[in-house]
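Quick note on labels: first sequence line is chain A, next is B, and so on, each numbered from 1.
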There are 2 protein chains.
Amino acid sequence: MSDVARRAGVSPTTASFVLAGRRDMRISGDAEERVRQAARELGYRPNLTARGLRTSVTRTIALISDTIATTPFAGEVIHGALDAAGAREHVLFVAETEGDPQTETRLVEGMLDRQVDGFVYAAMYTREVRLPPALHDAKVVLLNCWARDTRAPSVLPDEVNAGRDAARLLLDAGQLGGVHVVGGRHVTRATPEGVWAGVERMRGIEEVFAGAGVRVAGVAECDWQPEDGHREVLRLLDAGAVPRALVCLNDRLALGAYQALQDKGLRVGDDVAVVSFDDSDLAGWLRPGLTSVGLPHYRLGRTAVELLLDDDAGPGVRHVPMPVALRASHGPQ
Amino acid sequence: MSDVARRAGVSPTTASFVLAGRRDMRISGDAEERVRQAARELGYRPNLTARGLRTSVTRTIALISDTIATTPFAGEVIHGALDAAGAREHVLFVAETEGDPQTETRLVEGMLDRQVDGFVYAAMYTREVRLPPALHDAKVVLLNCWARDTRAPSVLPDEVNAGRDAARLLLDAGQLGGVHVVGGRHVTRATPEGVWAGVERMRGIEEVFAGAGVRVAGVAECDWQPEDGHREVLRLLDAGAVPRALVCLNDRLALGAYQALQDKGLRVGDDVAVVSFDDSDLAGWLRPGLTSVGLPHYRLGRTAVELLLDDDAGPGVRHVPMPVALRASHGPQ
DNA sequence: CTGAAAGCGCTAACAA
DNA sequence: TTGTTAGCGCTTTCAG
């Protein structure tokens, strides 16, 4: 930088001010132009490490999650975070703890040692977390999770409304009975209360059907894998139920449901309406196309970083709407 | 650090040497112990920004790709890269260019300004790339791509062997004819020569069948989406062909093939063997399970970073083996 | 084996 | 408006 200053015939201070783009000190237009010119000629680029050392801002943020690899809560979140960071000339560290507290500590300290400006602390599945102590006085936003005892804001998908939307879709398609839910709150040994996404979706679903005076014919509480959907729907059919509509709590369950309906010679959409959640790639690949309320991965990642960087981030929860992807499975056209 | 030195009763020099773990200057065991003790008591952590400024090594690397979000070439690559980086106490910047050269330049310069130690330059689909000029004298390894005029090594999946494995699987299951290939080299308007993965896989497939004296009954050149698989297999069946085995060039094509076979009342595995490539989640969800030769995403990411950091990286290509995931679709048990 | 001192490239008092 | 100068926290000659 001193080369630039010398060539422009100004002091390092002046050069620093114009190159850092600061407008809070009056610099003559002439001097400014000379500095820019010199910088261009010398191909000058600021050394952000040095600037970081001096100012302790690095224009760098860390995205720390328990697991980033396992789809689907992966790529699009990063993508959204990247876009928001890039738009603000920040750069993104990515790290994963694999659920191990020791790894977590190691990573957080590594980031702190590198003077990151803030953290996005993300969870694969929406849930409550305990913020690592080292983050207690760092700038943090929580993504897809929440924590007690912190002023850090949370960004969460709006699952209740997703549930409402799914139910309304069926109502609007004329379903007035024979609606079965597959998957439920996702009660398992590990999650006796159900999974947050399940609980919230069910809340929305039941609220809307109840409000419309439609009785949900049944809820099959089970795991959320294809084989569970297949088994439960088969069981339903074998028990002589005549479902008119299926609300599957995710796309994998819906895949299983498709297979079961096909086994019994029933046509999705015509004989039985199906709506689902997640809007994964699978939903578009199935025939007929699966109508599904999508997780807003991209927006979640993006919103979290915006919140982190646009420092109007009071505590509390931001709900991100879940978009419904209309295809053919929710009813005959 | 000077606090630590003072408390340990040594000079900053001595403290620096023991805290940076350097063994090339004899420090008395006593002094060393006192320094460590003092550091522990004060909760000392080195400021890596300062160290970076002084030494210009930041223990930081950048993973730059055209697209990281779009599955499937996403999470597992990052995961592998992260593991390798973490094992060497490095930290990983992630960035994506979205195929835009200007964005690419901006990102590369941003990373250079932050003094990253090296770059992993990755492509979504295996192909030749042009390395951005700014990277010409940086430490780089290419992931899932290659470039002329560079000494940077490439890490690529071993597609030819994947093709060979798929063919051998069918041969070993007793298939001696009626083998159809769905997808081929993936010739489209944009890729008149076919896609690299397609070309390489086909090379392996044809080599093995030819070597065994088995004639491939037909190759349906088409796009690689589910609907293409569905259409092509239906066309095959309608033309009166009696396929005994299908080699689908990816899992999405196989999904389409499953649907077509089902439409015609044929059972996968029993009536028609199916093998495929990619080993995506889908392969495990299908019924019967789809036997598929997987892209080694994790290993690719990991190998690239190892190559970058373990500086025995001469130029040339490293082929990473593609693991075959045996399920039920390749033949009756 | 240890310490004094210079300096990595930049920013920000403070003085002019 | 601009320039002088002292560091940010660390490493590393070089002299003891």
Mind telling me whether A/His79 and A/Tyr298 have parallel, tilted or perpendicular rings, with 30° and 60° as the class edges?
perpendicular
Nearest nucleotide by nearest heavy atom, which residue falls closer to the 5' end of DNA chain D, B/Ala15 or A/Ser11?
A/Ser11
Report yes if a side-chain nitrogen or oxygen of A/Thr13 is closer than 4.0 Å to either non-bridging phosphate oxygen (OP1 or OP2) of D/dT2; otherwise report no.
no
When rounded to whole Å, the CZ to P distance for the pair B/Phe17 and C/dG3 reads 13 Å
Does a side-chain N or O of A/Ser16 approach OP1 or OP2 of C/dA12 to a distance below 4.0 Å, or not?
no
Integer-rounded Å distance: D/dC10 C1' and A/Asp113 CG
13 Å
Closest listed nucleotide, where the reference is the side chain of A/Thr14 and the choices are C/dT11, D/dG3, D/dC10:
D/dG3
Round to a whole Å and report the spacing from CD of A/Gln115 to P of C/dT11.
14 Å
Scan residues 34-50 of chain B against DNA chain C and write down, sorted by residue number, each residue with any heavy atom closer than 4.0 Å; if none is found, say none.
none
Within the 3.5 Å criterion, strictly below it, is a donor on A/Asn144 or A/Thr126 matched to an acceptor on the partner's side chain?
yes
D/dC10 OP1/OP2 closer than 4.0 Å to side-chain N/O of B/Ser2:
no
Smallest heavy-atom separation, B/Thr67 atom then B/Glu96 atom, equals CA-OE1, 3.3 Å
What is the distance, rounded to the nearest whole Å, between atom CG of B/Leu53 and atom P of C/dA6?
18 Å
Under 4.0 angstrom, heavy atoms only, what part of the nucleic acid is B/Arg51 near: base, sugar-phosphate, or nothing?
sugar-phosphate
Can you find a side-chain donor-acceptor pair between A/Tyr125 and A/Asp66 that sits under 3.5 Å?
no
Pair A/Ser11, A/Thr14: side-chain N/O donor-acceptor within cut-off below 3.5 Å
yes
Between P on C/dC8 and CE on B/Met1, what's the gap in Å once rounded to a whole number?
18 Å
What's the CG-P distance between A/Leu19 and C/dG9, to the nearest Å?
15 Å
Going by atom types alone, do B/Gln37 and B/Arg40 pair a side-chain donor with an acceptor below 3.5 Å?
yes
Using atom CZ of A/Arg54 as one end and atom C1' of C/dA13 as the other, report the distance to the nearest whole Å.
9 Å
A/Val35 versus A/Val4, closest heavy-atom pair with distance:
O-CG1, 3.8 Å
